[in-house]
Chemist: 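I have a structure here, written as structure tokens, and I will follow up with some questions on it.
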Amino acid sequence: QVQLVESGGGSVQAGGSLRLSCAASGYTWYYNCMGWFRQAPGKEREGVAHISTSIGSTYYADSVKGRFTISQDNAKNTVYLQMNSLKPEDTAMYYCAAGVLSMKVCRPNYWGQGTQVTVSS
């Protein structure tokens, strides 16, 4: 199995920045992409960004393009999400996920416990 542990969430004012980390352990060959999803109360979970763990290609939701950056350190089996210019609408529980690429979409099979991000105006 694969275990994912997120960290780095917190509360910031609009325009501020946060950096989320996700450390993977276990059978890391069970996946070839890692990504970030978020879910606000009363809303469906949505994909934020993902990265191919083999070649490093990235994807971003339109709502975060130009503000968020996903990166990885394969030696540490860790993926990061640098979030800049945060907006109140970014407030959500953020979940790290690992899965497989299919049609250039990262389809999660494993999930972290989540880390809360709160952005105040």
Side-chain angles (χ1 to χ4, degrees):
Q1 282 288 328
V2 176
Q3 296 81 45
L4 304 173
V5 179
E6 305 103 325
S7 62
S11 298
V12 297
Q13 294 184 340
S17 299
L18 285 173
R19 183 180 184 240
L20 307 183
S21 298
C22 175
S25 62
Y27 296 96
T28 56
W29 55 89
Y30 279 9
Y31 62 88
N32 63 5
C33 65
M34 294 181 68
W36 292 92
F37 293 73
R38 66 186 182 186
Q39 187 169 26
K43 297 184 178 181
E44 296 184 356
R45 185 172 297 186
E46 62 176 347
V48 176
H50 74 247
I51 187 168
S52 166
T53 54
S54 59
I55 63 175
S57 58
T58 58
Y59 163 85
Y60 299 94
D62 288 342
S63 60
V64 306
K65 285 182 179 178
R67 300 188 297 120
F68 291 10
T69 302
I70 188 169
S71 61
Q72 66 179 338
D73 184 342
N74 279 334
K76 299 179 179 179
N77 294 320
T78 299
V79 66
Y80 306 94
L81 186 67
Q82 179 67 46
M83 305 185 294
N84 298 326
S85 301
L86 283 162
K87 304 175 181 179
E89 50 263 45
D90 294 319
T91 295
M93 184 71 73
Y94 283 70
Y95 297 90
C96 179
V100 295
L101 284 169
S102 179
M103 302 296 290
K104 300 183 179 181
V105 175
C106 186
R107 304 184 186 278
N109 296 125
Y110 307 96
W111 296 89
Q113 81 287 353
T115 185
Q116 178 68 39
V117 171
T118 302
V119 184
S120 60
S121 60

Chemist: Kindly determine whether Arg67 and Tyr60 satisfy side chain to side chain contact (heavy atoms under 4.5 Å, CB included), including the steps that lead there.
Modeler: CA-CA 10 Å; Arg67 300 188 297 120; Tyr60 299 94; over 6 Å; no
Chemist: Salt-bridge test for Asp62 and Lys65: reply yes if a basic N is under 4.0 Å from a carboxylate O, no otherwise.
Modeler: yes
Chemist: Inspect the surroundings of CD in Glu89 and state if more than 12 heavy atoms from other residues, nucleotides or ligands are less than 6.0 Å away.
Modeler: yes
Chemist: Search all heavy atoms of Ser121 against all heavy atoms of Pro88 and return the closest pair with its distance.
Modeler: CB-CG, 4.0 Å
Chemist: Please say yes or no: joined through hydrophobic side-chain contacts below 4.5 Å, possibly via intermediate residues, are Leu86 and Leu81 part of one cluster?
Modeler: yes
Chemist: State yes or no: do Val2 and Leu20 share one hydrophobic cluster built from I, L, V, M, F, W and Y residues joined by side-chain heavy-atom distances below 4.5 Å, directly or via other members?
Modeler: yes
Chemist: Under 30°, 30 to 60°, or over 60°: which ring-plane class applies to Trp111 and Tyr95, parallel, tilted or perpendicular?
Modeler: perpendicular
Chemist: Stepwise, does the side chain to side chain contact (heavy atoms under 4.5 Å, CB included) test hold for Asp90 with Met83?
Modeler: CA-CA 10 Å; Asp90 294 319; Met83 305 185 294; over 6 Å; no
Chemist: Cluster question for you: counting only ILVMFWY and a side-chain heavy-atom cut-off of under 4.5 Å, with indirect links fine, are Tyr110 and Leu101 together?
Modeler: no
Chemist: What pair of heavy atoms forms the shortest contact from Val48 to Val64, and how long is it?
Modeler: O-CG2, 3.6 Å
Chemist: For Gln113 and Glu6, indicate whether the former's side chain and the latter's backbone hold a donor-acceptor pair under 3.5 Å.
Modeler: yes
Chemist: Can you tell me how far the NZ atom of Lys104 sits from the OG atom of Ser52, to the nearest 0.5 Å?
Modeler: 12.0 Å
Chemist: Can you name the nearest heavy-atom pair linking Thr78 to Lys76, along with the distance?
Modeler: OG1-O, 2.9 Å
Chemist: Measuring from Cys33:SG to His50:NE2, what's the distance to the nearest 0.5 Å?
Modeler: 6.0 Å
Chemist: In sequence, state the C-alpha distance, the side-chain angles, and the governing distance for Cys22 and Trp36, and then conclude on side chain to side chain contact (heavy atoms under 4.5 Å, CB included).
Modeler: CA-CA 9 Å; Cys22 175; Trp36 292 92; 3.6 Å; yes
Chemist: With rounding to the nearest 0.5 angstrom, report the CD to CG distance, Gln82 to Leu18.
Modeler: 8.5 Å
Chemist: Listed by chain and number, what are the side chain to side chain donor-acceptor pair (under 3.5 Å) partners of Arg19, not counting sequence neighbours?
Modeler: none
Chemist: Rounded to the nearest 0.5 Å, how far apart are CZ of Arg38 and CE of Met93?
Modeler: 14.0 Å
Chemist: Minimum heavy-atom separation for Met34 and Ala24, please, with both atom names.
Modeler: CE-CB, 4.3 Å
Chemist: Going by atom types only, do Thr53 and Asn32 share a side-chain donor-acceptor pair under 3.5 Å?
Modeler: no
Chemist: Between Ser85 and Ser17, which heavy-atom pair has the shortest distance, and what is it?
Modeler: N-OG, 4.3 Å
Chemist: What are the two closest non-hydrogen atoms of Tyr30 and Val100, and how far apart are they?
Modeler: O-CG1, 4.3 Å
Chemist: Taking the side chain as every heavy atom from C-beta outward, state whether Phe37 and Pro108 have any atom pair closer than 4.5 Å.
Modeler: yes
Chemist: Decide yes or no for Thr91 and Gln116: does some side-chain heavy atom of the first lie under 4.5 Å from some side-chain heavy atom of the second?
Modeler: yes
Chemist: Going through the checks in order, is the side chain to side chain contact (heavy atoms under 4.5 Å, CB included) test met by Asp73 and Tyr80?
Modeler: CA-CA 8 Å; Asp73 184 342; Tyr80 306 94; 4.1 Å; yes
